[in-house]
Number of protein chains: 2
Amino acid sequence: MTSLNPADSRPLYQQLAAALRDRITSGDLQPGARFPSEADLASQYDTSRNTVRLALDALRNEGLIVSQQGRGTFVRSAPPTRYYASLTGSRAQRLEAERQRDTFTQQIERQGRTARQVSTVEVVPADAEIARHLNMSAGTTVAVRRRVMYADNEPLQLGDSYYPIDIVQDSKIMNPADVVEGTDQVLEDLGHTPTRYEDEITWRMPTVDEVAKLHLGPGIPLGRLLRTSFDQNDLPIEVYVVLLPGDRHVLLYEVEA
Amino acid sequence: MTSLNPADSRPLYQQLAAALRDRITSGDLQPGARFPSEADLASQYDTSRNTVRLALDALRNEGLIVSQQGRGTFVRSAPPTRYYASLTGSRAQRLEAERQRDTFTQQIERQGRTARQVSTVEVVPADAEIARHLNMSAGTTVAVRRRVMYADNEPLQLGDSYYPIDIVQDSKIMNPADVVEGTDQVLEDLGHTPTRYEDEITWRMPTVDEVAKLHLGPGIPLGRLLRTSFDQNDLPIEVYVVLLPGDRHVLLYEVEA
DNA sequence: TTGTTGGTGTTGTACCAACAACTTCTATGT
DNA sequence: ACATAGAAGTTGTTGGTACAACACCAACAA
């Protein structure tokens with residue numbers, strides 16, 4: 001039995017969580033390694049299984065461990081950051097790639113994975129946020145193209161694109177089929193060339209719906225990127241909102257001083 | 001006693017969480033409203049306090065409710081998004097402001113709030129990630145300037161700046177006192193003018209330490225921005241890692257196509 | 001008026017017990 | 001050899017109890 005420091009006034013389960021966290025970060029328990037069972041930990045640290053579970057809850061919420069009913073608990077293997085670099089800055093040599101930012105497929109296949117998308121198109125009234133970014137009044141009808149994007153048949157991100165209805169009416173964008181040349185190209189063909197983007201990045205915990213749709217594990221937050229595209233006349237022509245699970249993404253920006 | 005649907009095969013605590021979630025989203029329980037006590041809920045839904053707590057844990061993790069020992073549980077009031085816009089893109093008119101990106105104080109005071117910083121300076125071996133970005137081998141000693149930044153006496157963010165030791169030795173940067181002109185200016189005076197930044201943005205749940213240092217509520221994820229600065233010779237001169245609580249920040253970027 | 005005390009109600013911590021659900025492996029039988 | 005059944009071990013769920021820690025308020029005393 002390994003005892004915890006009695007001078008420590010923190011709750012037992014927090015002390016236990018800290019001790020176990022150390023065993024992970026110190027390398028005593030390697031990524032992928034099997035964790036001692038709850039019963040083992042309870043007897044090792046001379047406490048109850050209940051308290052052990054409270055400690056494990058904390059580690060689970062930090063994303064350090066994962067549990068599987070019937071199999072055991074394991075140290076999460078090296079952050080599965082599958083790494084999807086999505087956004088470049090303004091350097092000249094990135095221009096060509098940037099023109100194809102909407103072709104999610106290319107980005108994934110460049111990483112040697114198979115991409116798949118499921119799209120739907122709707123016409124809905126704009127909520128306050130979308131309307132503000134498109135510089136219209138709330139409730140104005142807009143076209144929205146909703147996509148679920150998969151890599152290797154695992155859901156990777158959820159993306160909704162909003163367009164003023166008068167711009168995309170009767171265009172390819174209203175067709176749920178994949179737009180292989182990228183929506184930016186379509187917008188350019190319609191006389192609205194995207195020349196500038198404004199990005200807002202926030203992060204929060206997912207709702208239950210999002211957990212189901214994105215196959216999220218516990219303790220995985222969502223990043224949210226809202227990108228507003230402006231055309232050659234500096235008019236907003238698209239609002240793109242994408243939700244990115246924190247265990248699979250890194251956003252990259254390059255900024256000139 | 002309000003009973004749950006017996007045909008629902010989900011665990012009781014999940015059904016209960018769903019029922020309570022509905023009462024919040026439907027407006028039955030308004031933001032800021034007091035939640036029924038755990039004992040009340042247990043008798044209302046004819047279950048044990050243990051199960052009620054599991055349900056409340058779920059709602060807490062989603063950020064829907066907050067509990068205070070001795071006072072009760074409350075529906076979280078509208079997100080306090082205090083909004084701290086931190087990062088600009090490359091537009092020419094932003095250049096002047098950009099030169100002062102490190103002067104956190106100015107950004108906060110522009111919002112009519114009072115800023116405060118606590119800084120410490122250490123010399124430590126670089127971990128693998130920092131070393132990679134500074135293009136050195138892991139373990140090389142670097143100077144690190146750690147800051148806790150407050151707005152209106154509430155902690156707002158944690159920022160660590162890493163510098164190659166040979167560049168900042170004997171400079172103002174090694175002094176824990178505030179660098180009013182901004183560290184970029186100091187680096188420029190030392191012959192290394194920052195000309196380009198590379199940003200990596202990720203998000204995850206906080207550790208218990210971070211919860212304490214940043215006064216984080218439950219269910220609030222952390223954003224992490226890692227910015228590498230390059231000088232006029234394209235040499236990395238600084239790695240800045242800042243942790244941003246999700247309920248108080250929005251990151252803004254502007255990108256030219 | 002002010003301060004203190006104590007009672008009541010709340011959430012937090014810690015323990016115990018039992019069974020369900022699931023995985024893995026072993027033993028058994030065909 | 002192969003399939004099946006069952007045992008053993010694991011996490012998940014649900015119930016219970018007791019006390020600690022804290023907030024709030026009313027009653028009382030100085």
Side-chain angles (χ1 to χ4, degrees), chain A residues 1 3-20 29 32-61 64-76 208 211 217-219, chain B residues 1-20 29 32-61 64-76 208 211-212 215-219:
Chain A
M1 159 203 154
S3 67
L4 300 166
N5 178 7
D8 196 333
S9 66
R10 287 179 302 172
L12 251 182
Y13 77 96
Q14 286 184 23
Q15 297 180 47
L16 179 52
L20 296 174
L29 290 165
R34 187 197 196 107
F35 222 68
S37 78
E38 296 176 354
D40 282 356
L41 289 173
S43 75
Q44 266 183 51
Y45 290 93
D46 195 29
T47 181
S48 70
R49 189 183 156 213
N50 223 319
T51 300
V52 169
R53 282 185 66 82
L54 280 180
L56 294 185
D57 276 347
L59 300 184
R60 258 190 291 271
N61 277 329
L64 288 176
I65 61 175
V66 291
S67 298
Q68 292 172 275
Q69 187 172 6
R71 299 216 326 124
T73 299
F74 302 86
V75 181
R76 177 167 250 149
V208 279
V211 167
Chain B
M1 161 205 154
T2 310
S3 67
L4 300 167
N5 178 8
D8 196 333
S9 66
R10 287 179 302 173
L12 251 182
Y13 76 95
Q14 285 184 24
Q15 298 180 45
L16 179 53
L20 296 174
L29 290 165
R34 188 197 194 107
F35 223 67
S37 78
E38 295 177 354
D40 283 355
L41 289 172
S43 75
Q44 267 182 51
Y45 290 93
D46 195 29
T47 181
S48 70
R49 190 181 158 214
N50 222 322
T51 300
V52 169
R53 281 185 66 81
L54 281 180
L56 295 185
D57 277 348
L59 300 184
R60 260 189 290 270
N61 278 330
L64 287 176
I65 59 174
V66 291
S67 298
Q68 291 173 276
Q69 188 173 4
R71 298 217 325 123
T73 299
F74 303 85
V75 181
R76 176 170 251 146
V208 279
V211 166
H215 295 189
L216 290 173

Which whole-number value in Å describes the distance from B:D57 CG to D:dT14 C1'? 15 Å
Are OP1 or OP2 of D:dG12 and a side-chain N or O of B:Q14 less than 4.0 angstrom apart? no
Per B:T47 side chain, nearest of listed nucleotides D:dT10, C:dG12, D:dG15: D:dG15
Against the side chain of B:R71, the closest entry in D:dA23, C:dG12, D:dT14 is D:dA23
Atom CZ of A:R10 and atom P of D:dA21 are separated, to the nearest Å, by 16 Å
Give one of base, sugar-phosphate or nothing for B:S67, where a contact means two heavy atoms less than 4.0 Å apart. sugar-phosphate
So if I take every side-chain heavy atom of B:L12 and compare against D:dT11, D:dG15, C:dT13, which nucleotide ends up nearest? D:dG15
Side-chain contact test, heavy atoms from C-beta onward, threshold under 4.5 Å: evaluate it for B:F35 versus B:L59 and give yes or no. yes
For B:P36, the option from B:V52, B:L41, B:L20 that meets side-chain contact (heavy atoms from CB on, under 4.5 Å): B:L41
Strictly below 4.0 Å: does A:T73 bring a side-chain N or O up to OP1 or OP2 of D:dT11? yes
Counting only Watson-Crick or G-U wobble pairs whose two distances fall under 3.5 Å, which nucleotide matches D:dA30? C:dT1
Close side-chain approach of A:R60 to A:I65, heavy-atom, < 4.5 Å: yes
Can you figure out which of C:dC16, C:dG12, C:dT13 approaches the side chain of B:Q69 most closely? C:dG12
Checking D:dG12, D:dG15, D:dA23 against the side chain of B:T51 (C-beta onward), the nearest is D:dG15
Could you state the CG-C1' distance from B:L54 to D:dG16, rounded to the nearest angstrom? 14 Å
When the distance from CG of B:N50 to P of D:dG16 is rounded to whole Å, what number comes out? 10 Å
Distance col, row A:D46:CG vs A:T51:OG1, nearest 0.5 angstrom, shows 10.5 Å
Tell me which nucleotide, if any, is Watson-Crick or G-U wobble paired with C:dA17 when both distances must be under 3.5 Å. D:dT14
Heavy-atom nearest nucleotide on DNA chain C taken for B:R60 and for A:G70; more 5' hit belongs to B:R60
In whole angstrom, give the distance that lies between atom OH of B:Y13 and atom P of C:dA21. 14 Å
Between the side-chain atoms of A:R49 and the base atoms of D:dG12, is any donor-acceptor pair under 3.5 Å? yes
Distance check needed: D:dA8 C1' versus A:D40 CG, whole Å only. 14 Å
With a 4.5 Å limit on heavy-atom distance, are the side chains of B:Q68 and B:F74 in contact? yes
In whole angstrom, give the distance that lies between atom CZ of A:R53 and atom C1' of D:dG12. 6 Å
Without decimals, in angstroms, what is the distance between B:Q68 CD and C:dT11 C1'? 10 Å
